[in-house]
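Below is one structure, written out as structure tokens; the observations come after it.
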There are 2 protein chains.
Amino acid sequence: MTQRRVTIKQVAAEAGVSITTVSHVLNDVPGKRVHPDTKDRVREAAARLGYLPNSLAQSLRTQRSNTIGFIGDEVATTPFAGKMILGAQDVALSRDAVVFVVSTGYQREVENREIEELLRRQVDGILYASMYHRAVELPPQLASVPTVLINASCTTDGIPWVVPDEVAGGEDAADVLLGAGHRRLAFINDVDEIPAAFGREEGFRRRAAQAGLRDDDLQVVTAETDPAGGYAAARQLLESDNRPTAIFCFNDRLAMGVYRAATELGLRIPHDLSIVGFDNQEFVADGVFPGLTTIELPHYDMGVWATEQLFDRIEGGPRKAGPAPTTRLRGPVIHRDSVASPPWVQDPGERREPSDRRGNAGSDGAAPTIRTNK
Amino acid sequence: MTQRRVTIKQVAAEAGVSITTVSHVLNDVPGKRVHPDTKDRVREAAARLGYLPNSLAQSLRTQRSNTIGFIGDEVATTPFAGKMILGAQDVALSRDAVVFVVSTGYQREVENREIEELLRRQVDGILYASMYHRAVELPPQLASVPTVLINASCTTDGIPWVVPDEVAGGEDAADVLLGAGHRRLAFINDVDEIPAAFGREEGFRRRAAQAGLRDDDLQVVTAETDPAGGYAAARQLLESDNRPTAIFCFNDRLAMGVYRAATELGLRIPHDLSIVGFDNQEFVADGVFPGLTTIELPHYDMGVWATEQLFDRIEGGPRKAGPAPTTRLRGPVIHRDSVASPPWVQDPGERREPSDRRGNAGSDGAAPTIRTNK
DNA sequence: TTGTAAGCGTTATCAG
DNA sequence: CTGATAACGCTTACAA
């Protein structure tokens with residue numbers, strides 16, 4: 001059935017010119033002037049035959065495949081992978097490129113095989129993505145091809161990387177709570193010692209200190225980052241003498257447990273207890289009641305940034321001047337309904353206005369702020 | 001920096017043979033007998049140089065790219081995409097193939113461009129995936145390349161497709177509830193008229209009827225498939241005269257709303273109300289308290305099945321005999337803690353044993369059953 | 001303004 | 001058993 005695809009030769013024949021000419025007009029080669037009439041004839045012929053240049057042949061000749069690889073440690077169990085991939089493919093498509101997606105499942109051998117397959121296919125570059133913010137060691141085979149890290153940092157130099165601005169996230173969370181008038185805060189942090197844990201705590205503490213909170217007005221505890229962990233930590237926090245009026249949670253899943261604890265203790269959210277989460281896992285943050293105000297992780301934007309960097313490097317030749325760029329991207333705060341002023345506060349300070357969903361590719365400037373409907 | 005990759009020519013030189021011979025030994029060409037010593041020399045040379053055959057050149061020559069495309073309507077906003085992709089890439093990798101992932105965002109123009117890019121790259125075949133079970137119309141450009149549908153059906157003949165077995169899902173949900181001794185059931189279905197809605201209702205009703213339930217022992221209402229929709233429907237259901245003791249929800253998100261309604265009405269889950277969901281959206285089903293018993297959608301398995309079919313077609317030449325295979329895959333029921341026997345029931349019937357997570361690629365046979373820890 | 005021919009890295013045909 | 005050599009479909013000096 002699948003009759004052989006139409007080639008440049010057929011187009012040439014159809015247009016009554018040589019294949020060289022076809023190539024010239026179809027590629028708009030700079031120095032070459034081709035008679036307008038000829039051009040038209042060629043274009044028509046190509047269109048008539050439905051000619052699509054064979055990318056493999058082009059790549060073989062030009063040493064450029066317009067193809068990049070996306071290597072993820074896991075692609076199925078987190079909702080984040082999709083956003084990074086989408087960011088990557090959006091900018092890829094704008095350069096007529098397509099992306100190979102492979103998932104390693106954290107297995108070195110699988111990773112090696114996949115890298116090999118990608119290399120054999122002459123990918124122009126590789127995006128190496130982690131599902132959670134961490135430091136990685138770059139597989140040595142990748143040394144030969146432009147590579148950019150997403151949601152991960154590394155010490156190999158010459159490798160650009162992008163991660164979320166965790167500190168800013170912690171600050172933003174604090175600002176939301178402080179802005180509403182809260183003065184007794186708690187932070188349920190991840191037990192694991194990872195960049196996100198350090199960064200968010202640092203930012204949160206800094207703002208609390210700047211706001212003049214005393215040491216025992218800010219409790220920090222750690223927990224497993226799941227509902228059970230959040231529940232346990234929240235019970236402890238909420239039954240203590242100096243009960244906080246607001247809790248910042250390392251992530252949304254953990255926050256679910258805090259909701260439960262609050263409910264069990266008869267505390268109403270947000271009236272008796274305000275909560276801010278992290279991640280903006282839509283089905284979670286938007287599914288709990290009342291909706292969870294949370295800090296979004298900039299996965300899509302990281303995908304975009306990384307891919308743009310990647311193409312820069314691919315096009316910029318071997319190595320651009322100066323060290324590789326790295327950046328931390330700030331995620332927007334998503335306002336829902338889990339934050340209110342404590343009863344004794346009159347003026348909760350101004351509430352920020354809604355803004356657009358995707359406006360924040362930069363890492364500096366004030367945090368964009370978002371209010372969801374519903 | 002990136003010195004030109006090593007080619008077959010260099011290997012030939014290094015081994016002191018012709019490139020033909022190198023090709024012969026590296027590919028183990030059937031009819032060709034090469035002296036064992038020569039073989040060794042070649043293999044060593046290849047290894048020493050770190051030779052990786054250029055896949056582009058191979059493809060150009062053999063007309064086989066060992067590359068497939070995965071076209072999804074959206075890849076970022078659902079947790080399902082990742083599983084289908086993983087299924088696809090797992091089988092692809094086992095055939096030394098890699099998969100291009102593209103997302104159309106439901107935009108025809110984007111889809112067309114992407115299809116074009118894939119075709120230009122000579123993909124051997126295409127997986128066309130929908131994020132929710134529906135009937136699709138196949139883009140005509142795909143006629144020229146082997147294609148298999150995932151989570152979607154179509155009428156174009158010759159096109160294999162795989163979808164979830166919705167009817168079985170409805171039956172399984174009913175069985176769980178009926179098995180626990182419930183006799184007053186409700187089903188909150190999707191308002192949208194989609195295959196999932198029809199199928200699940202059919203299966204659920206069938207089993208209820210088989211169990212001898214009277215018509216008014218099974219209420220079916222419809223709602224938006226989000227927490228708010230579930231909440232509203234549940235309030236209505238639970239405040240009625242003939243309050244059901246168990247509710248089957250079209251999906252897990254909707255079930256979240258049912259949890260809230262139950263809590264507000266002072267009904268305890270599962271003691272006063274049993275709930276079964278659908279989808280097994282991990283962070284939701286596993287995040288609510290108590291954990292939600294639910295029917296999993298077989299996304300991974302659908303990805304696997306489709307990709308195997310795809311390779312069959314690719315290898316089987318133009319068209320295999322007979323009509324294209326299609327199938328409905330059953331998802332396992334995931335037992336958590338949202339189902340119990342109503343108080344008046346003595347023996348809830350036997351509870352099934354835990355089983356393995358991936359054992360169910362087939363669509364027939366009893367539903368595999370899974371109990372999560374925690 | 002157009003065309004010839006070399007070459008990108010392989011595989012496959014056909015001789016030696 | 002081994003090796004020239006012609007494709008595969010395209011781009012690009014270089015000629016005409």
Side-chain angles (χ1 to χ4, degrees), chain A residues 2-43 45-46 49-67 96 119-124, chain B residues 2-43 45-46 49-67 96 119-124:
Chain A
T2 300
Q3 66 280 37
R4 189 71 117 283
R5 275 184 244 287
V6 13
T7 79
I8 197 175
K9 221 176 277 179
Q10 301 174 43
V11 177
E14 178 86 6
V17 299
S18 75
I19 63 171
T20 305
T21 302
V22 175
S23 176
H24 284 341
V25 355
L26 259 29
N27 295 334
D28 269 328
V29 270
K32 300 294 180 181
R33 305 212 61 75
V34 176
H35 191 90
D37 291 356
T38 322
K39 269 189 180 167
D40 288 349
R41 279 217 318 288
V42 170
R43 295 228 170 83
L49 300 182
Y51 172 63
L52 285 184
N54 181 324
S55 183
L56 262 32
Q58 290 181 311
S59 304
L60 190 58
R61 181 63 237 247
T62 61
Q63 304 291 3
R64 185 84 146 63
S65 66
N66 289 307
T67 273
D96 298 318
L119 259 23
R120 275 161 46 72
R121 283 168 181 77
Q122 309 279 90
V123 291
D124 294 331
Chain B
T2 300
Q3 65 280 35
R4 189 73 115 281
R5 274 185 245 287
V6 12
T7 78
I8 197 175
K9 223 177 278 183
Q10 301 173 44
V11 177
E14 178 86 5
V17 298
S18 74
I19 62 170
T20 306
T21 303
V22 175
S23 178
H24 284 341
V25 355
L26 261 27
N27 294 333
D28 271 327
V29 273
K32 299 295 181 181
R33 305 213 61 76
V34 178
H35 192 89
D37 292 357
T38 322
K39 270 189 179 166
D40 289 349
R41 280 217 317 290
V42 170
R43 295 229 170 83
L49 299 181
Y51 171 65
L52 286 184
N54 182 324
S55 184
L56 263 33
Q58 290 181 310
S59 305
L60 190 58
R61 186 59 237 251
T62 62
Q63 304 291 5
R64 185 81 146 66
S65 66
N66 288 306
T67 274
D96 299 317
L119 257 24
R120 274 161 45 71
R121 283 170 181 75
Q122 310 279 91
V123 291
D124 294 330

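Throughout, a chain's letter reflects where its sequence line sits, starting with A, and its residues are numbered from 1.
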### Message
I need the NZ-P distance between B:Lys39 and D:dG3, as an integer number of Å.
### Response
15 Å

Among residues at least two apart in sequence or on other chains, which ones pass side-chain hydrogen bond (donor to acceptor under 3.5 Å, both in side chains) with [X]?
X: B:Asp124; value: B:Arg64, B:Ser65
X: B:Asp40; value: none
X: A:Ser55; value: none
X: A:Ser59; value: none

## Note on the structure
residues 13-35 of chain A vs salt bridge (Lys or Arg N to Asp or Glu O under 4.0 Å), sequence neighbours excluded, gives A:Glu14-A:Arg48, A:Asp28-A:Arg43

### Query
Which pairs pass salt bridge (Lys or Arg N to Asp or Glu O under 4.0 Å) with one or both residues in residues 49-59 of chain A, sequence neighbours excluded?
none

### Task
Would you give a per-nucleotide map of nucleotides 9-16 of chain D, 5' to 3', where B means the base has a protein non-hydrogen atom under 4.0 Å away, S means only the sugar-phosphate does, and - means neither?
BBBBBB--

## Note on the structure
In short, B:Leu60 meets A:Asn54 closest at the heavy-atom pair CD1-ND2, 4.2 Å

### Message
If the helix axis at each end comes from five base pairs, how far does the helix from C:dT1-D:dA16 to C:dG16-D:dC1 deviate from straight, to 10°?
### Response
50°

### Task
Under the salt bridge (charged side-chain N to carboxylate O under 4.0 Å, His left out) rule, collect the residues that match up with B:Arg120, sequence neighbours excluded.
B:Glu117

### Query
B:Arg61: what forms a salt bridge (charged side-chain N to carboxylate O under 4.0 Å, His left out) with it, not counting sequence neighbours?
none

### Task
Give me the first and last nucleotide of DNA chain C, going 5' to 3', that has any atom under 4.0 Å from a heavy atom of chain B.
C:dG9 to C:dC14

### Task
For B:Ser59, answer base if it contacts any base atom (sugar-phosphate contacts may also be present), sugar-phosphate if it contacts only those atoms, and nothing otherwise; contact means non-hydrogen atoms under 4.0 Å.
nothing

Under 3.5 Å donor-acceptor pairs involving side-chain atoms of residues 15-22 of chain A, not counting sequence neighbours:
unit_1	atom_1	unit_2	atom_2	d
A:Ser18	OG	A:Thr20	N	3.3
A:Ser18	OG	A:Thr21	N	3.3
A:Ser18	OG	A:Thr21	OG1	3.3

